[in-house]
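Quick notes on the structure that follows.
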Amino acid sequence: YLPDVQYLVVQHLWLTLLSGSLAILVAIPLGVWLSRPSMAKAAESMMQVLNVGTTIPTLAVLALSMSFLGIGTVPAVFGLFVATLLPIARNTYAGLKGVSPALKEAAAGIGMSPTQRLLKVELPNALYVIFAGIRTALTINVGTVPLAFLIGAGGLGELIFTGIDLYDPIMMLSGAIPTALLAILVDALVAGVAFIVVPRGVNPARA
């Protein structure tokens, strides 16, 4: 199964990279926007909608995507994007809202504009929580990609589900073990990036 595993691992990583990158590019600005004072009245309601969204099974999201977009890579990427988007947006919002008001007041007191406060004070202090959301979301994404096989998008799910259908444990494990290893690798990779990017001195408990 080695040639198949190598080929499907590349497919698996491509689906994760594409859907995960799109989710990060959308979720972080969304979380920032919801955390702004001008959105204070609507933000909690919108966050509740996002929280409800996390309770919808990914398989159901993929099935709905397939209904509108057909089968193949596009609906799979869209479904995985939606499933990955929610934890990152929620953590971005929570991280920014958790920044100490004293820090924001001090930044305003020395004449920083709202944009400067966001970029130089709020985001650096919220990075730990934001990266925690990214780690969680991408790890879940890697573990969910096998379901994309059910709508014709390939990935290691091809070995897992075919192995189940054929009662072939070796084939099933040939897909399941690399999936687990990829999830661990992605988690470690994001943790390494967070270690480099998050400013020293930021208190994770406070952020």
Side-chain angles (χ1 to χ4, degrees), residues 13-56 58 61 77-144 182-207:
L13 286 173
W14 172 245
L15 289 169
T16 298
L17 180 64
L18 194 55
S19 58
S21 299
L22 288 172
I24 291 169
L25 288 174
V26 173
I28 292 178
L30 176 62
V32 170
W33 178 59
L34 290 175
S35 72
R36 297 303 85 198
S38 61
M39 291 296 297
K41 292 182 178 178
E44 286 300 328
S45 298
M46 293 183 71
M47 287 308 301
Q48 288 304 316
V49 172
L50 291 177
N51 288 334
V52 170
T54 60
T55 65
I56 301 173
T58 306
V61 175
V77 168
F78 179 77
L80 292 166
F81 158 77
V82 171
T84 308
L85 174 82
L86 303 176
I88 300 173
R90 188 175 62 239
N91 272 49
T92 301
Y93 173 79
L96 288 168
K97 295 298 285 186
V99 175
S100 169
L103 283 176
K104 292 186 275 190
E105 289 171 11
I110 61 173
M112 283 188 178
S113 68
T115 302
Q116 288 175 320
R117 291 199 298 271
L118 172 65
L119 296 177
K120 296 183 178 181
V121 177
E122 294 179 62
L123 280 174
N125 281 277
L127 275 178
Y128 184 88
V129 178
I130 294 171
F131 268 105
I134 293 173
R135 283 180 68 181
T136 301
L138 291 184
T139 303
I140 292 171
N141 184 306
V142 173
T144 305
L182 285 176
I184 294 169
L185 178 63
V186 167
D187 182 70
L189 213 62
V190 178
V193 172
F195 181 79
I196 295 168
V197 172
V198 175
R200 303 282 79 77
V202 170
N203 183 354
R206 177 180 55 76

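Heavy-atom basis, side chains included; hydrogens, waters and symmetry copies ignored.
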### Task
Applying side-chain contact (heavy atoms from CB on, under 4.5 Å) between I134 and each of V190, V193, V186, report the one that passes.
V190
Enumerate, atom names and distances included, each donor-acceptor pair closer than 3.5 Å involving a side-chain atom of residues 78-91, sequence neighbours excluded.
{"unit_1": "T84", "atom_1": "OG1", "unit_2": "L80", "atom_2": "O", "d": "2.7"}
{"unit_1": "T84", "atom_1": "OG1", "unit_2": "N141", "atom_2": "ND2", "d": "2.8"}
{"unit_1": "N91", "atom_1": "ND2", "unit_2": "V129", "atom_2": "O", "d": "3.0"}

### Message
Could you work out, with side chain to side chain donor-acceptor pair (under 3.5 Å) as the rule, every residue matching T92, not counting sequence neighbours?
### Response
none
### Euclidean distance, L118 CG relative to S35 OG, rounded to 0.5 Å
7.0 Å
#### Entry: By side chain to side chain donor-acceptor pair (under 3.5 Å) - contacts of R117 (at least two apart)
none
### Query
Taking only residues at least two apart or on different chains, which pairs with a member in residues 122-143 satisfy salt bridge (Lys or Arg N to Asp or Glu O under 4.0 Å)?
R36-E122, R135-D187
### Query
To the nearest 0.5 Å, how far apart are CG in L189 and OG1 in T139?
10.5 Å
### Task
Of all the heavy-atom pairs spanning Q116 and M112, show the shortest one and how long it is.
OE1-CA, 3.4 Å
### Message
Among residues at least two apart in sequence or on other chains, which ones pass side chain to side chain donor-acceptor pair (under 3.5 Å) with T144?
### Response
none
### Task
For residues L185 and V142, determine if any side-chain heavy atom of one lies less than 4.5 Å from a side-chain heavy atom of the other.
no
Just distance, no hydrogens or angles: give the donor-acceptor pairs under 3.5 Å from side chains in residues 25-33, sequence neighbours left out.
none

### Query
For F131 and A194, which heavy atoms make the closest approach, and how far apart are they?
CG-CB, 3.6 Å
